[in-house]
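For reference, the structure discussed in these notes is given below.
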Amino acid sequence: MIHSLFLISNAGDLFLEKHWKSVISRSVCDYFFEAREKAVEPDNVPPVIRTPHHYLINIYREKIFFVSVIQTEVPPLFVIEFLHRVAETFQDYFGECSETTIKDNVVIVYELLEEMLDNGFPLATESNILKELIRPPTILRSMVNTITGSSNVGETLPTGQLSTIPWRRAGVKYTSNEAYFDVVEEIDGTYNYDPVTKILVWDIGKLNPQKLPNLKGSLSLQSGAPKPEENPSLNIDLKIQQLAISGLKVNRLDVYGEKYKPFKGVKYVTKAGKFQVRT
(Lines give C-alpha, C1' and ligand atoms only; values in the text may rest on other atoms or scores of the structure.)
Protein backbone atom coordinates (compact mmCIF):
# COMPACT_ATOMS: atom_id res chain seq x y z
CA MET A 1 0.00 0.00 0.00
CA ILE A 2 2.09 2.97 1.28
CA HIS A 3 5.70 2.49 0.28
CA SER A 4 7.25 5.73 1.49
CA LEU A 5 6.41 8.93 3.33
CA PHE A 6 8.14 12.28 2.83
CA LEU A 7 7.70 15.35 5.02
CA ILE A 8 8.29 18.61 3.16
CA SER A 9 8.24 22.09 4.68
CA ASN A 10 6.33 24.98 3.16
CA ALA A 11 9.69 26.34 1.95
CA GLY A 12 10.27 23.17 -0.08
CA ASP A 13 12.79 21.45 2.22
CA LEU A 14 12.45 17.67 2.43
CA PHE A 15 13.48 17.10 6.05
CA LEU A 16 12.28 13.57 6.80
CA GLU A 17 11.60 10.37 4.89
CA LYS A 18 10.43 6.92 5.92
CA HIS A 19 10.33 3.77 3.76
CA TRP A 20 8.42 0.58 4.61
CA LYS A 21 8.87 -1.75 1.64
CA SER A 22 11.63 -0.54 -0.63
CA VAL A 23 13.62 2.67 -0.73
CA ILE A 24 12.17 5.09 -3.26
CA SER A 25 14.41 7.90 -4.47
CA ARG A 26 13.69 11.45 -3.40
CA SER A 27 13.53 12.38 -7.06
CA VAL A 28 9.91 11.16 -7.10
CA CYS A 29 9.05 14.32 -5.16
CA ASP A 30 9.99 16.42 -8.20
CA TYR A 31 6.46 15.82 -9.51
CA PHE A 32 5.11 17.19 -6.25
CA PHE A 33 7.35 20.27 -6.44
CA GLU A 34 6.07 20.97 -9.97
CA ALA A 35 2.47 20.83 -8.74
CA ARG A 36 3.38 23.05 -5.78
CA GLU A 37 4.80 25.72 -8.09
CA LYS A 38 1.62 25.76 -10.17
CA ALA A 39 -0.65 26.11 -7.11
CA VAL A 40 -1.38 29.63 -5.88
CA GLU A 41 -1.78 28.54 -2.26
CA PRO A 42 -0.45 25.43 -0.46
CA ASP A 43 -4.01 24.22 0.08
CA ASN A 44 -4.55 24.19 -3.68
CA VAL A 45 -1.99 21.46 -4.39
CA PRO A 46 -3.87 18.48 -5.88
CA PRO A 47 -4.22 15.78 -3.20
CA VAL A 48 -3.47 13.04 -5.75
CA ILE A 49 -0.62 13.45 -8.23
CA ARG A 50 -0.05 10.79 -10.87
CA THR A 51 3.48 9.98 -12.03
CA PRO A 52 4.66 7.42 -14.61
CA HIS A 53 5.27 4.75 -11.95
CA HIS A 54 3.74 6.04 -8.70
CA TYR A 55 0.87 7.97 -7.15
CA LEU A 56 1.65 10.80 -4.75
CA ILE A 57 -1.10 11.37 -2.19
CA ASN A 58 -0.54 14.36 0.08
CA ILE A 59 -2.09 16.60 2.72
CA TYR A 60 -1.05 20.00 4.08
CA ARG A 61 -1.05 20.40 7.87
CA GLU A 62 0.66 23.02 10.04
CA LYS A 63 2.83 24.31 7.16
CA ILE A 64 4.05 20.77 6.41
CA PHE A 65 3.26 18.59 3.40
CA PHE A 66 2.82 14.90 4.19
CA VAL A 67 3.53 13.17 0.87
CA SER A 68 2.97 9.42 0.59
CA VAL A 69 4.16 7.31 -2.32
CA ILE A 70 1.85 4.58 -3.66
CA GLN A 71 2.71 2.12 -6.42
CA THR A 72 -0.75 0.61 -6.97
CA GLU A 73 -4.22 2.12 -7.04
CA VAL A 74 -5.79 2.44 -3.59
CA PRO A 75 -8.75 4.48 -2.26
CA PRO A 76 -7.24 7.99 -1.94
CA LEU A 77 -9.45 8.95 1.02
CA PHE A 78 -8.12 5.96 2.95
CA VAL A 79 -4.54 7.21 2.58
CA ILE A 80 -5.54 10.83 3.25
CA GLU A 81 -7.27 9.81 6.48
CA PHE A 82 -4.14 7.94 7.58
CA LEU A 83 -1.92 10.97 6.86
CA HIS A 84 -4.21 13.16 8.95
CA ARG A 85 -3.98 10.57 11.74
CA VAL A 86 -0.16 10.79 11.56
CA ALA A 87 -0.28 14.59 11.90
CA GLU A 88 -2.73 14.35 14.80
CA THR A 89 -0.50 11.81 16.54
CA PHE A 90 2.48 14.16 16.31
CA GLN A 91 0.29 16.95 17.70
CA ASP A 92 -0.81 14.73 20.57
CA TYR A 93 2.70 13.53 21.43
CA PHE A 94 4.70 16.74 21.07
CA GLY A 95 2.10 19.46 21.69
CA GLU A 96 2.49 20.77 18.14
CA CYS A 97 3.16 19.43 14.68
CA SER A 98 5.97 21.58 13.30
CA GLU A 99 9.24 21.05 11.47
CA THR A 100 11.28 22.00 14.53
CA THR A 101 9.37 19.70 16.87
CA ILE A 102 9.64 16.75 14.49
CA LYS A 103 13.39 17.26 14.10
CA ASP A 104 13.85 17.50 17.89
CA ASN A 105 11.99 14.20 18.38
CA VAL A 106 13.09 12.39 15.25
CA VAL A 107 13.76 9.09 17.07
CA ILE A 108 10.23 8.94 18.50
CA VAL A 109 8.81 10.00 15.12
CA TYR A 110 10.44 7.01 13.42
CA GLU A 111 9.27 4.70 16.22
CA LEU A 112 5.70 5.95 15.82
CA LEU A 113 5.75 5.53 12.04
CA GLU A 114 7.12 2.01 12.47
CA GLU A 115 4.21 1.07 14.74
CA MET A 116 1.51 2.88 12.76
CA LEU A 117 2.29 0.99 9.54
CA ASP A 118 3.16 -2.68 9.11
CA ASN A 119 4.69 -3.39 5.70
CA GLY A 120 2.85 -0.36 4.36
CA PHE A 121 -0.56 -1.15 5.87
CA PRO A 122 -2.08 0.74 8.84
CA LEU A 123 -1.69 -1.18 12.09
CA ALA A 124 -1.86 0.85 15.33
CA THR A 125 -3.34 4.30 14.77
CA GLU A 126 -5.17 4.95 18.05
CA SER A 127 -3.38 7.34 20.40
CA ASN A 128 -4.49 5.21 23.35
CA ILE A 129 -2.58 2.18 22.03
CA LEU A 130 0.43 4.09 20.73
CA LYS A 131 1.10 5.74 24.10
CA GLU A 132 1.45 2.30 25.69
CA LEU A 133 3.70 1.08 22.89
CA ILE A 134 5.82 4.24 22.79
CA ARG A 135 5.76 6.46 25.86
CA PRO A 136 5.40 10.20 25.15
CA PRO A 137 8.59 12.23 25.66
CA THR A 138 9.22 14.13 28.87
CA ILE A 139 12.28 16.02 30.11
CA LEU A 140 12.94 13.49 32.88
CA ARG A 141 12.47 10.51 30.58
CA SER A 142 14.79 12.05 27.99
CA MET A 143 17.51 12.51 30.62
CA VAL A 144 17.13 8.93 31.86
CA ASN A 145 17.24 7.56 28.32
CA THR A 146 20.40 9.55 27.60
CA ILE A 147 22.15 8.23 30.70
CA THR A 148 20.97 4.61 30.60
CA GLY A 149 20.72 4.22 26.84
CA SER A 150 17.11 3.00 27.10
CA SER A 151 14.26 3.97 24.77
CA ASN A 152 10.62 5.00 25.00
CA VAL A 153 9.37 1.68 23.62
CA GLY A 154 7.10 -0.15 26.06
CA GLU A 155 7.74 -3.75 27.13
CA THR A 156 4.13 -4.96 27.51
CA LEU A 157 1.26 -5.42 25.09
CA PRO A 158 -1.13 -2.45 25.16
CA THR A 159 -4.38 -3.20 26.97
CA GLY A 160 -6.27 -1.30 24.25
CA GLN A 161 -5.53 -4.10 21.79
CA LEU A 162 -7.40 -6.50 24.08
CA SER A 163 -10.48 -4.28 24.24
CA THR A 164 -13.47 -4.56 21.92
CA ILE A 165 -13.28 -0.77 21.61
CA PRO A 166 -9.75 0.05 20.31
CA TRP A 167 -9.77 3.70 21.37
CA ARG A 168 -10.71 2.89 24.98
CA ARG A 169 -8.46 1.05 27.44
CA ALA A 170 -9.84 -2.08 29.06
CA GLY A 171 -11.20 -1.71 32.60
CA VAL A 172 -11.50 2.08 32.52
CA LYS A 173 -14.09 3.57 34.87
CA TYR A 174 -15.19 7.21 34.99
CA THR A 175 -17.24 9.07 37.57
CA SER A 176 -19.02 10.92 34.78
CA ASN A 177 -19.34 9.91 31.15
CA GLU A 178 -20.67 11.94 28.24
CA ALA A 179 -21.72 10.81 24.78
CA TYR A 180 -21.54 13.24 21.85
CA PHE A 181 -23.20 12.91 18.45
CA ASP A 182 -22.28 15.05 15.46
CA VAL A 183 -24.90 16.08 12.91
CA VAL A 184 -23.12 17.26 9.74
CA GLU A 185 -25.13 19.28 7.21
CA GLU A 186 -24.52 21.32 4.06
CA ILE A 187 -26.18 24.70 3.53
CA ASP A 188 -26.58 27.25 0.73
CA GLY A 189 -26.76 31.08 0.80
CA THR A 190 -26.03 34.47 -0.88
CA TYR A 191 -22.80 36.45 -0.53
CA ASN A 192 -20.86 39.66 -1.21
CA TYR A 193 -17.35 39.52 -2.71
CA ASP A 194 -14.66 42.17 -2.17
CA PRO A 195 -12.24 42.09 -5.14
CA VAL A 196 -9.61 44.07 -3.18
CA THR A 197 -9.29 41.79 -0.18
CA LYS A 198 -10.49 38.76 -2.19
CA ILE A 199 -12.77 37.80 0.68
CA LEU A 200 -16.31 36.59 0.23
CA VAL A 201 -18.62 37.64 3.10
CA TRP A 202 -21.96 35.95 3.70
CA ASP A 203 -24.28 37.71 6.13
CA ILE A 204 -27.11 35.32 6.91
CA GLY A 205 -28.93 37.46 9.45
CA LYS A 206 -31.80 35.77 11.26
CA LEU A 207 -32.39 32.21 10.14
CA ASN A 208 -35.89 31.08 9.36
CA PRO A 209 -36.28 27.29 9.74
CA GLN A 210 -39.19 27.38 7.30
CA LYS A 211 -37.08 28.96 4.53
CA LEU A 212 -33.56 27.62 4.18
CA PRO A 213 -30.71 29.93 3.02
CA ASN A 214 -29.55 29.49 -0.57
CA LEU A 215 -26.09 30.35 -1.94
CA LYS A 216 -25.66 30.70 -5.71
CA GLY A 217 -22.90 32.26 -7.77
CA SER A 218 -20.46 31.91 -10.65
CA LEU A 219 -16.67 32.00 -10.99
CA SER A 220 -15.14 34.11 -13.77
CA LEU A 221 -11.59 35.08 -14.73
CA GLN A 222 -10.30 38.60 -15.27
CA SER A 223 -10.06 39.78 -18.86
CA GLY A 224 -6.88 38.41 -20.46
CA ALA A 225 -6.07 36.08 -17.58
CA PRO A 226 -5.01 32.57 -18.65
CA LYS A 227 -7.21 29.63 -17.76
CA PRO A 228 -5.87 27.80 -14.69
CA GLU A 229 -4.51 24.33 -15.30
CA GLU A 230 -6.08 22.98 -12.12
CA ASN A 231 -9.61 23.36 -10.81
CA PRO A 232 -9.77 26.22 -8.28
CA SER A 233 -10.62 25.53 -4.64
CA LEU A 234 -12.84 27.68 -2.45
CA ASN A 235 -12.25 27.74 1.31
CA ILE A 236 -15.34 28.58 3.37
CA ASP A 237 -15.19 29.20 7.11
CA LEU A 238 -18.62 28.96 8.73
CA LYS A 239 -19.85 27.94 12.16
CA ILE A 240 -23.31 28.38 13.72
CA GLN A 241 -23.67 27.21 17.31
CA GLN A 242 -26.74 25.40 18.63
CA LEU A 243 -28.46 25.20 15.25
CA ALA A 244 -29.19 22.49 12.71
CA ILE A 245 -30.17 24.07 9.41
CA SER A 246 -32.36 21.13 8.41
CA GLY A 247 -34.35 21.38 11.63
CA LEU A 248 -33.37 17.80 12.54
CA LYS A 249 -34.01 17.09 16.21
CA VAL A 250 -33.14 14.18 18.50
CA ASN A 251 -36.23 13.16 20.46
CA ARG A 252 -34.74 10.27 22.42
CA LEU A 253 -31.29 9.05 23.40
CA ASP A 254 -30.76 5.71 25.14
CA VAL A 255 -27.48 4.40 26.58
CA TYR A 256 -27.19 0.70 27.36
CA GLY A 257 -24.56 -1.45 29.09
CA GLU A 258 -23.64 1.05 31.83
CA LYS A 259 -24.59 0.81 35.52
CA TYR A 260 -24.32 4.53 36.25
CA LYS A 261 -26.90 7.11 35.28
CA PRO A 262 -25.41 9.01 32.32
CA PHE A 263 -26.05 12.63 31.47
CA LYS A 264 -27.65 12.74 28.04
CA GLY A 265 -27.54 15.86 25.88
CA VAL A 266 -27.43 16.82 22.21
CA LYS A 267 -25.38 19.71 20.84
CA TYR A 268 -26.11 21.16 17.40
CA VAL A 269 -23.39 22.86 15.36
CA THR A 270 -23.53 23.90 11.71
CA LYS A 271 -20.10 24.42 10.18
CA ALA A 272 -18.54 24.48 6.71
CA GLY A 273 -15.39 22.93 5.34
CA LYS A 274 -13.51 23.02 2.06
CA PHE A 275 -15.37 22.86 -1.24
CA GLN A 276 -13.65 22.18 -4.56
CA VAL A 277 -15.26 23.61 -7.68
CA ARG A 278 -14.61 21.48 -10.76
CA THR A 279 -14.86 23.14 -14.18
Side-chain angles (χ1 to χ4, degrees), residues 1-94 96-125 127 130 133-134 137 151-153 228-233 274 276:
M1 186 178 174
I2 299 178
H3 284 67
S4 302
L5 175 65
F6 297 95
L7 300 189
I8 303 174
S9 68
N10 194 26
D13 298 327
L14 198 162
F15 62 91
L16 186 139
E17 60 183 279
K18 170 64 177 174
H19 307 278
W20 282 273
K21 292 188 176 182
S22 59
V23 178
I24 297 179
S25 174
R26 289 188 172 192
S27 61
V28 71
C29 295
D30 292 342
Y31 297 96
F32 169 80
F33 291 131
E34 292 178 3
R36 175 65 183 92
E37 292 179 359
K38 295 178 181 178
V40 179
E41 299 291 340
D43 290 332
N44 294 337
V45 177
V48 181
I49 301 174
R50 184 177 181 180
T51 71
H53 304 288
H54 305 88
Y55 295 93
L56 304 182
I57 302 179
N58 69 91
I59 65 169
Y60 182 69
R61 291 282 298 268
E62 305 297 335
K63 298 182 179 181
I64 297 176
F65 290 99
F66 292 75
V67 182
S68 62
V69 181
I70 315 295
Q71 287 189 336
T72 58
E73 290 191 8
V74 298
L77 291 179
F78 185 77
V79 180
I80 290 174
E81 174 64 22
F82 174 78
L83 295 179
H84 280 291
R85 184 61 62 91
V86 172
E88 291 167 0
T89 300
F90 292 166
Q91 175 78 25
D92 189 24
Y93 261 74
F94 312 130
E96 63 176 356
C97 180
S98 63
E99 178 181 357
T100 302
T101 304
I102 293 175
K103 288 182 177 179
D104 292 341
N105 300 275
V106 65
V107 175
I108 297 180
V109 167
Y110 276 109
E111 291 175 344
L112 288 172
L113 294 177
E114 192 66 31
E115 295 294 341
M116 296 183 74
L117 277 185
D118 181 19
N119 197 31
F121 291 87
L123 178 62
T125 58
S127 177
L130 287 171
L133 286 170
I134 303 171
S151 66
N152 290 343
V153 179
E229 298 183 5
E230 301 293 341
N231 296 326
S233 298
K274 181 178 179 181
Q276 185 171 8

If you count heavy atoms of other groups shown closer than 6.0 angstrom to NZ of Lys63, is the number above 12?
no

What do you reckon, is CZ of Phe33 surrounded by more than 12 foreign heavy atoms closer than 6.0 Å?
yes

How long is the gap from CD on Glu88 to CZ on Arg61, to the nearest 0.5 Å?
5.0 Å

To the nearest 0.5 angstrom, please state how far the CD atom of Glu96 sits from the CD1 atom of Ile102.
9.5 Å

What closest approach, in Å, do [X] and [Y] show between heavy atoms, and which atom pair accounts for it?
X      : Y      : result
Pro46  : Asn58  : O-ND2, 2.9 Å
Leu133 : Ala124 : CD1-CB, 4.3 Å
Ala87  : Phe66  : CB-CZ, 3.9 Å
Ile24  : Phe6   : O-CZ, 3.7 Å
Gly120 : Met1   : O-CB, 3.3 Å

Between the side chain of Thr89 and the main-chain N/O of Arg85, is any donor-acceptor distance below 3.5 Å?
yes

Taking Asn10 for the side chain and Glu62 for the main chain, is one N or O donor matched with an acceptor at less than 3.5 Å?
no

Yes or no on salt bridge (charged side-chain N to carboxylate O under 4.0 Å, His left out) for Lys38 and Glu34, after CA distance, side-chain angles and deciding distance?
CA-CA 7 Å; Lys38 295 178 181 178; Glu34 292 178 3; 5.5 Å; no

Do Leu113 and Leu117 touch side chain to side chain, with heavy atoms closer than 4.5 Å?
no

Are the side chains of Phe90 and Asn105 in touch, meaning some heavy atoms are under 4.5 Å apart?
no

Pick out which of Glu115, Met116, Glu114 makes a side-chain contact (heavy atoms from CB on, under 4.5 Å) with Ile134.
Glu115

